[in-house]
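Okay, structure first, notes after.
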Amino acid sequence: MPDPKDPQDLRRQRVLATIDSIPRGRVATYGGVAEEAGLPGHARYVARVLRELPPGQFLPWHRVVGAGGHIRTQGQTATRQARLLRAEGIAVKGGRVDLAGHGEPW
DNA sequence: CGTCTGACGGTAA
DNA sequence: ATTACCGCCAGAC
């Protein structure tokens, strides 16, 4: 286990905790998650954390989308994300979700 | 240190 | 709608 006092790890934990707090049926943007985690301007960092997330983790990673509701994942991952979103009642059309109806809970 | 790379965000064409 | 840039920033090398 990584040292929980390591500031690097704390930062990541805050991001993960924020994503974990996204309710079912809602989505959040990378930038929104970053801001909520106290890291304004670090949208790319959020993406990195998710990208390197070990598979099988319980985390609603699929609820994180790009600005404007765009799905930014690629290939099979994008397919899975769309399926998971639709499974909780979020429509995905043209690689995009309706932010107006399912936007960030913050 | 300098460079390169992005599951980003925004703008311009 | 697409493509090309640009600004940004943590990491890897």
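Because the structure is predicted, anything quoted here is derived from the model rather than measured. Throughout, protein chains are lettered first and strands after them, A, B, ... in sequence-line order, and every chain is numbered starting at 1.
- A/Tyr45 has its OH atom 14 Å from the C1' atom of C/dA12, to the nearest Å.
- Remark: P of B/dG9 and CG of A/Leu39 are 14 Å apart, rounded to the nearest angstrom.
- Using a 4.0 Å cut-off, no side-chain N or O of A/Arg44 falls inside it from OP1 or OP2 of C/dA10.
- Phosphate contact (OP1/OP2 of B/dG6, side-chain N/O of A/Gln74, threshold under 4.0 Å): absent.
- Residue A/Arg72 comes nearest to A/Gln74 through the heavy atom pair O-NE2, 3.5 Å, listed as atom of the first residue, atom of the second, then distance.
- Neither OP1 nor OP2 of C/dA12 sits under 4.0 Å from any side-chain N or O of A/Arg51.
- For A/Glu35 and A/His42, the side-chain atoms include no donor-acceptor pair closer than 3.5 Å.
- One interatomic measurement links the two molecules: CG of A/Leu53 to P of C/dG11, which rounds to 15 Å at whole-angstrom precision.
- Look at CG on A/Leu50: it is 11 Å from P on B/dA7, rounded to the nearest Å.
- In this structure, A/Gln76 places its CD atom 15 Å from C1' of B/dA7, rounding to the nearest Å.
- Separation of the C1' atoms belonging to B/dA7 and C/dC13 is 22 Å when rounded to the nearest angstrom.
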(request) Decide yes or no on side chain to side chain donor-acceptor pair (under 3.5 Å) for A/Thr73 and A/Gln81, but give the supporting numbers first. (result) CA-CA 8 Å; A/Thr73 47; A/Gln81 181 168 17; 2.7 Å; yes
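- Using a 4.0 Å heavy-atom cutoff across all strands shown, A/Arg11 reaches sugar-phosphate atoms only and no base atom.
- In this structure, C/dT3 forms a base pair with B/dA12, meeting either the Watson-Crick or the G-U wobble geometry with both donor-acceptor distances under 3.5 Å.
- The nearest whole Å value for the distance from the CZ atom in A/Arg12 to the P atom in C/dG11 is 9 Å.
- A/Arg48 has its CZ atom 9 Å from the C1' atom of C/dC9, to the nearest Å.
- Between the side chain of A/Arg86 and the main chain of A/Val92, a donor-acceptor pair closer than 3.5 Å is present.
- Following rounding to the nearest Å, A/Glu35 (CD) and C/dC8 (C1') show an atom-to-atom distance of 15 Å.
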(message) Quick one, A/Arg26 with A/Glu88, criterion salt bridge (Lys or Arg N to Asp or Glu O under 4.0 Å). Give me CA distance, side-chain angles, the key distance, then yes/no.
(response) CA-CA 9 Å; A/Arg26 315 285 300 278; A/Glu88 48 188 81; over 6 Å; no
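- When distances run from any side-chain atom of A/Tyr30 to the nucleotides B/dC8, B/dG10, C/dG11, the shortest one goes to B/dC8.
- When heavy atoms are screened at a 4.0 angstrom cut-off, A/Gln81 is found touching no nucleic acid atom at all.
- Distances from the side chain of A/His42 to the nucleotides B/dG9, B/dA7, C/dA10 place C/dA10 closest.
- If A/His70 and A/Glu52 are placed on DNA chain C by their nearest nucleotide, the residue sitting closer to the 5' end is A/His70.
- Comparing B/dG9, B/dA7, C/dG11 by their nearest atom to the side chain of A/Thr29 picks out B/dG9.
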